[in-house]
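Everything numeric here is computed off the predicted structure, so don't read it as measured data. Reckoned from all heavy atoms, side chains included, excluding hydrogens, waters and symmetry mates.
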Amino acid sequence: MSDSTSASAAVPVPDPPATPVPHPLPLLSDVCPALVSFLASEPAAEGEPALAQGVARLRFHGWCTCSRTCA
């Protein structure tokens with residue numbers, strides 16, 4: 001006996017969304033633009049534009065919440 005509803009039937013794969021799904025975390029450059037500018041300036045000056053652009057794509061995960069005096 002063979003089962004006619006076996007796993008050989010193709011499962012349709014949904015198309016990706018037409019518009020990009022927003023990321024749940026903001027960009028660090030939206031939270032602290034001066035910090036990102038400072039961090040990206042040195043790699044850019046040293047001829048590392050890809051590294052400088054990578055800094056601009058960092059995500060902000062939140063402020064430290066362990067204590068007010070945390071370093």
Given Leu58, Val31, Val55, the one that forms side chain to side chain contact (heavy atoms under 4.5 Å, CB included) with Val36: Val55

In one Ile/Leu/Val/Met/Phe/Trp/Tyr side-chain cluster, 4.5 Å: Trp63, Leu39: yes

Considering all heavy atoms, the nearest Arg59-Leu25 contact: NH1-O, 2.6 Å

Residue pair Ala40 / Ala52: nearest heavy atoms and the distance that separates them: O-CB, 3.5 Å

In one Ile/Leu/Val/Met/Phe/Trp/Tyr side-chain cluster, 4.5 Å: Leu35, Leu27: no

